[in-house]
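Beneath this line is the structure, given in structure tokens, with notes to follow.
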Amino acid sequence: MEFKLEAHRIVSISLGKIYNSRGQRGGIKLHKNLLVSLVLRSARQVYLSDPCPGLYLAGSPVPPPQPGEPAAGPPAGWGEPPPPAARAAWPEPETPPERPAGPDARRAVDAEPAAPGAGDTLQGGEAAATAEAAWRRAEVPRAAAAGGAGDPAGGADVCPEGPRAAHRPCACPPGGEAGPGALSCAPRPAKDERPVPPPGCPRKRGAAAGDGPADCPAPGSSPLKKPRRHPEEPAGGAAADEEEMETGNVANLISIFGSSFSGLLRKSPAGGREEAEAEESGPEAAEPGQICCDQPVLRDINPWSTAIVAF
Amino acid sequence: MAGAGGGGCPAGGNDLQWCFSQVKGAIDEDVAEADIISTVEFNYSGDLLATGDKGGRVVIFQREQENKSRPHSRGEYNVYSTFQSHEPEFDYLKSLEIEEKINKIRWLPQQNAAHFLLSTNDKTIKLWKISERDKRAEGYNLKDEDGRLRDPFRITALRVPVLKPMDLMVEASPRRVFANAHTYHVNSISVNSDHETYLSADDLRINLWHLEITDRSFNIVDIKPANMEELTEVITAAEFHPHQCNVFVYSSSKGTIRLCDMRSSALCDRHSKFFEEPEDPSSRSFFSEIISSISDVKFSHSGRYMMTRDYLSVKVWDLNMESRPVETHQVHEYLRSKLCSLYENDCIFDKFECCWNGSDSAVMTGSYNNFFRMFDRNARRDVTLEASRENSKPRASLKPRKVCTGGKRKKDEISVDSLDFNKKILHTAWHPTENIIAVAATNNLYIFQDKIN
């Protein structure tokens, strides 16, 4: 569990770095952001590969714990609900918008105070041994982790459309509240979390997808958010506030980074591609087809992918 | 090893007693960002020492002639010329600001009385001519001594201007501007041994220039993938071989070095040699890829070896053996357990440089807390020294420092947690023939010399 939290924390920090890099003098540094994306990928692998039964314990409307990551539906973040074929890969029926497993799992971790250590501030230190173990575990095909899919809470409430959510009230309250501990380690990335809009949103997200980089939504971009697909999930006032605050930040993040970074999505467990894009790369339109891959668990990358996106 | 380097140079490293010589720069605790030194380079003779800073300025120090009355005191370096090399620019097309920070300075071999150097920021390389003027002409006909034009009709007689001595003035003038050839950030420049061409490398491409021609360059390496999403590595440093004008190397963010021969093809995407050390699986972590990224590559003076610097170590490679380095020197292995914190505070992305001494018997690189490390390759010893104002008494010997990695901290040791990670030594330079080193500590330049035992 420790290394999972560590991975989660590293993911948050990495996202924050990418976000901050946008405003640096001299333009975005390709080398540094490539390295950050590598760390992100590694952390994600560790996070996903570790089946941790305690993930969805306790806490508020949390779905029953699932072994491994919930296999979220195809990332809605790219604007279009994933093609049915992709969805068929999931053991459980999913309704769009679906939340990628990764963020959901993380979110669940964050949201669960009862989970061992989950509610606490993430351990800052290195858990070398555990991290190494997690590392090796990451090599296990993620399909195993993905098998535990069907977490009903699969991020329906995570709003892939960062910018959109910012500008229109999202009807879907954030599912599962982030334990403060989960967010405290990296305030900036935490703010980037976004709730998934209810199924009604996809249409708008779809529209957004075609708008080009600036408007590209980040599918399930909120790794810290609990996977919630139930629109009626009581968000709680605080949660809603937090949501909006984070929404604003993520909206900026999304608009800044635009589209394309689907390399992370397409990355297979065996070998991956790092994504980084230099200034001259044109915006790559988010194609749902590209995002959906055979490995359902890879979809959880969406939150990262859009966030990490193009330079 | 063949002593092709600065002949007569005593072995570097621990046999010597390093002493403080000079420090340049403000003492002020509040360091202006623009004053942070970003590159340090001796010229071929070692008489000139150039520094570039984040503000786009170049300061050149010249070594004074040795004082005959005090034969044991070496010449000091004093300011010779200061000029603004690069200014901040704005790329309107991409809405990007181009930093004026000087990324690299490389001297050209001296061919006449003037000195030439190349300086580069992220996008533009400039060739500067530094020349002395100690005479000026007096007695012009068409203008008087103040420079005002005289009325031609008032001139009744002609005279020949004469040259009169004047106070020495050092002028720096830009002779060539090599612009618009790099889409990504330039990280390296390297002058070829033919003294006519040089290369410039950015994250994804390497261009070959002729010093006389500014409106075009040859692209000799291009690792940009057709689909940027498939990008896995970038170029981090590049250098020409010191003697073979057709050979150059470039290092990557994946910890690999490629040696290319320009005779084999016009586009050197395919390497002639590929240097990579297999990763140790037991030390794998989230940050393995970051710390394996090579931040600097330098050929030895002999041309037989090259040295690479990654985050935690310095490796010496024999050009004839691609499978692994012949030497690995740990710079600050105690940081391996702190990588997560170093990732958080961005220190893990620091790009340390490294350098050889004149005889290739020692290498030097920087660390944190204003520490720098020297490795004597022959004696297989290393030493940690510190550049600090406290040790700045004239000719004061530098005391070796030690970092305590755990357990009881001995007297004079410093614990890892006490290290100041804001005081980092990224840039160091070693005189080409003598044991004089220049160490850049943020905004200060320290010069150390060996004491003749």
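The sequence lines fix the lettering, A, B, ..., with proteins before strands; numbering per chain opens at 1. Atom set for the values below is all heavy atoms of this structure, side chains included, hydrogens, waters and symmetry mates excluded. Predicted model only: the values in this text are computed from it and were never measured.
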message = Does the plane of the ring in B/Tyr368 sit parallel, tilted or perpendicular to the ring in B/His332? Use 30° and 60° as the thresholds.
response = parallel
key: More than 12 heavy atoms of other groups within 6.0 Å of B/Asn180 CG   = no
ask   = chain A heavy atoms under 4.5 Å from B/Asp346: which part of the residue, side chain, backbone, both or neither?
value = both
note = side-chain hydrogen bond (donor to acceptor under 3.5 Å, both in side chains) with B/Arg309: of B/Thr365, B/Asp296, B/Thr236, only one passes, and it is B/Thr365
ask   = Quick one: what part of B/Phe90 sits under 4.5 Å from any heavy atom of chain A, side chain, backbone, both or neither?
value = neither
Part of B/Ser253 within contact of chain A (heavy atom distance under 4.5 Å) = both
message = Test of understanding: with ring-ring contact (aromatic ring centres under 6.0 Å, His included), list the residues that count as partners of B/Phe275, not counting sequence neighbours.
response = B/Trp317
Residue selection (most heavy-atom pairs with chain A, distance under 4.5 Å) from B/Leu93, B/Val234, B/Asp202, B/Asn187 = B/Val234
